[in-house]
Each structure stands twice: as C-alpha cells, then as structure tokens.
Number of protein chains: 2
Amino acid sequence: MPRPRVPLLDRPRIRAAALTMIDSAGLPGLSMRALAAELGVRAPSLYSHYQTKDELLGDLAEEIMAGVDVSGFGSGWVDGVRTWARSYRGALAVHPNLVPVFASGPADRPGALERADTVHGALVAAGWPPRQATMIGASAKYLVLGAAMHSFSRGFEDDARVYADRYPHLSQAHRLREHADEIDAESFELALDAFLRGLVALHAGISA
Amino acid sequence: MPRPRVPLLDRPRIRAAALTMIDSAGLPGLSMRALAAELGVRAPSLYSHYQTKDELLGDLAEEIMAGVDVSGFGSGWVDGVRTWARSYRGALAVHPNLVPVFASGPADRPGALERADTVHGALVAAGWPPRQATMIGASAKYLVLGAAMHSFSRGFEDDARVYADRYPHLSQAHRLREHADEIDAESFELALDAFLRGLVALHAGISA
DNA sequence: GGCGTAAACCTAACACTGTTCGGTAAAGGG
DNA sequence: CCCTTTACCGAACAGTGTTAGGTTTACGCC
C-alpha cells in the first residue's frame, strides 16, 4: 500500500485517535503501533507527521489547554483567578489519563505563555508585586495539577474490612471511591476558596 | 558466577542503588539492567528480591514517605496540617524525580493509611465534620503534590529574547529557572498560608 | 501530455524495555 | 558427606520508540 489517493493521515486525525485511545485505555495503552492500527496504517507512517511520540503528546496537551479561560479578570483578580483555575482543572478533568503529560512535559508552549502573561499582568495591574504575582500563578497551578492528579481519593481500596478496625477514623474510606469524582471536585472548590480567601486578606495587607 | 559467599543483593541495598540512580539520572534512567549493573549483578537476579519494578518503586515511595511528620496536631489542627504538609512536601522535594511514582501509583500503603487516619481523626476532633475533614486532607495533598511536580517554574526556557517583546509581563520569566527552587518553596508557603487562613475563617463559621 | 520530484505509505530492522525459564554452583543443614 | 535450598546466570520473549531504505502514486512544470 503505497501513496493513497487521499491521505489517510494528518495531524488532527492522529491527535483525535490518540486522545480517544488515551481516554479509553490509559496513557500506557497508547503505543505508536496500536495508534497506527487504529488509523489503518503502520507505525512508521506516523513519523512523517509527528517526529516523536512526545511531540504528539505535547501537541495534544496544547490542544486541550487551548480551552482554558483567562478572560475573567475583567471582574477583578479574585474572580479572574477563580475562573482561570476552574476552567484549567475542568480541562484536565475531562482527560484524566493525560494529566501526567502536563505534569512532566515542559509547559512553555506559546498558548501557555500567553495565558501566563495574561494572569501575571492582571495580578500586577491589581496591585500585586511581580514576585507575588508569579507565586500566585504558581500556587494556583499547584492546586490545579494536584487536584487533577486525583490520586488521593483513588488511593483507597474497595475492601472496607481492611480498615474497619485498624484505622478507626477511616472507616468510611471505602466509600471514597464511589464518590471519588464528587469529592475531588468539592475538595478542589474548598481549596480554591480557602486559598483565594487567604489571598484577599494578604492583598488587603499590601494595599494598606 | 553462581551463589556467592556473601549475598550481593538484598532489598535495602537494591532500594539505595535505585534511589541514587533515580536522583541522578531521572526516573527513565532507572532500568532493571542498569540497576543490576550498578549492583554488580545481572537484571534477572533482582527478581528474586522484588517481583516487579513497580513493587520496587512502591517500596521506595513508602520508604520516603515514612519520614512525613503528622505529630504536629498537639498544638492545634492548623499547626498540625501545616507541619504535615511541609514535611510531606519536603520529603518529595528531596527526590523530585520520584514524584511521578507518588502521583500515579496507589497510595493505600499501610504507612500512608496510618498518617491519613491521624490527620483525619485530628481534624474531626477539632470540630470539622468528617466530610470536610476528608476534603481538607485531599486539598492539602493536592497542594503538596502539585508543588512537588514543580512543572511551573521549570517550564520556561532560558532564552529571554523569546519573551521580551511578545509577552511583556513575563519579561523576567527567564530568571525563574535560576530561582526555581526558591520560587517553588515560597509559592508553596504562600499557598499553604492562604489555604489555612481561609480554612480558619471557614472553621469559625462552622463552630459558631 | 509526459516527466521528474516529492509525498505518503510500506517492510525490515535496531536498540532498548520489563520479565520468565531453566540451568549451575556454592552454602548450609541433617 | 549428601541433599536441598539459595542466589546468582544466560538466553529468550514480547513489547516499546524509532530509523533506513524501498515502492508507488500524486502533483507541478515544460
């Protein structure tokens, strides 16, 4: 099967197939051979479109991050950060299996820089010193990434008997898995709320 | 080379070598063959001591988490959480290359459960409803894990010219790498402080 | 319209990974 | 002194990302 009349492959098609595979089979479930098979093609053909697997994953990451909303700073820096962090987490929560890619790969892609610039600029404009603005951006990202990692609620086994007597305070821990998504979402909201509340107090101290 | 007079391998020795390799060469730098070579042995020999590589990594993770301090709850839940989160982050910061292991692997090892039980119990004893206690534990973990991931400050290239004109608010971004560890540490402290401040306010609302 | 180049796929292979099987020789107990 | 167990080894399997080189077709140009 040499050159086909109409190309079987292009970057968007490869990304779409890769994302589907990652969502359903997890990150280790995506191999270049399996991905190629899904696209009716052999593995080496992919390398005419993406030079490495990492480049593909990076592009996938950027595509997903493109939807992150940094437009909320019009109604104040608190709402701005809140909107940003929420949509950031939301974007990651849709594709949880992809989160390790965000965590390890470099984050200096153009879109990410543009958003970082927006956030940083808005915070400085609101009266935060540049260094503090940097740290706030970093902190919010910590929260989002940690929450997306969601290893907490998933870390408990289903078998309740293991804990019942040994860890008295965790006797309901087996329930965590049922409500894992719910707990994750609420915990993130709690953390974000508390974080912003504390920042407001700090900001008042600076402005005064 | 059959059975030696004195065994070349045991679990602590394997762990120590693995940790050294991970610290210096990164997580992908640790292969069973390379690890065996470092120990003067061939790869299959390792499998008499650890059944899989994951088991080894899990054991390594547990070893590192053993130093996490949950003894601070004697002087109140705020100090308790602060001490816990700080020592948690500290433990991870010493071996940053190992962080992905914590993020993906299951967290239900005995030591981790014991610490989770301590934290949860102390929060409930301080008047937090169990569900809130769970969420606070989760939130703190988000923060620690996200901070340990430290992908933020590392995400900027060294070359300043790229940003100078295009992203005006990030014109100092190239400096981030120099101070990456410092920024990470301070950002974490800022986030933890703001988070706890907000929680105190929330707790006052509940107790009232 | 024919021709040369470039595109888009292919097969085969390399170097590597975690892991298993079966062998071997020495250590340690009865 | 024998016998079992221990602790190593070599060889191999199935899988990975990736590269080299080949083949046929499509497309731009004279």
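A, B, ... follow the sequence lines: proteins, then strands. Residue 1 opens every chain. These numbers come from the heavy atoms of this one structure, side chains and all, not from hydrogens, waters or symmetry mates.
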Could you tell me whether the phosphate oxygens of [N], OP1 or OP2, come under 4.0 Å of any side-chain nitrogen or oxygen in [X]?
X       : N     : answer
B:Ser45 : D:dA7 : no
A:His49 : C:dA7 : no
A:Ser48 : C:dA8 : no

For [X] and [N], what is the distance between atoms [atom1] and [atom2] respectively, to the nearest whole Å?
X       : N      : atom1 : atom2 : result
B:Leu56 : C:dG18 : CG    : C1'   : 12 Å
A:Tyr50 : D:dT18 : OH    : P     : 14 Å
B:Leu8  : C:dA26 : CG    : P     : 14 Å
A:Asp10 : C:dA7  : CG    : P     : 16 Å
B:Leu30 : C:dC16 : CG    : C1'   : 14 Å
A:Leu9  : D:dA26 : CG    : P     : 17 Å

Among the candidates [options], find the nucleotide nearest to the side-chain atoms of [X].
X       : options               : answer
A:Ser31 : D:dT18, C:dC9, D:dG17 : D:dG17
B:Arg42 : C:dG18, D:dC9, C:dA8  : D:dC9
A:Lys53 : D:dC8, D:dT18, C:dT20 : D:dT18
A:Tyr47 : D:dT19, D:dC9, C:dC10 : D:dT19

B:Thr52 side chain to B:Asp54 side chain, donor-acceptor N/O pair below 3.5 angstrom: no
Please determine, by modelled atom types, if B:Asp117 and A:His169 share a side-chain donor-acceptor pair under 3.5 angstrom. no
Result for 5'-nearest mapping on DNA chain C, choosing between B:Val6 and B:Met32, is B:Met32
Taking for each residue the nucleotide of DNA chain C with the nearest heavy atom, is it B:Pro44 or B:Arg5 whose nucleotide lies nearer the 5' end? B:Pro44
When we call it a touch if two heavy atoms are under 4.0 Å apart, what does A:Leu46 touch: a base, just sugar-phosphate, or nothing? nothing
Using a 4.0 Å heavy-atom cut-off, does B:Leu39 contact any base of the nucleic acid, only the sugar-phosphate backbone, or nothing at all? nothing
Check for a donor-acceptor pair, side chain of B:Ser139 on one end and backbone N or O of A:Ser187 on the other, with a separation under 3.5 Å. yes
Spacing of A:Asp23 atom CG and A:Leu98 atom CG [to the nearest 0.5 Å]: 7.5 Å
Contact between B:Tyr50 and B:Leu9 at the side-chain level, heavy atoms closer than 4.5 Å - yes or no? no
Under-3.5 Å donor-acceptor pair between B:Arg33 side chain and C:dG18 base: yes
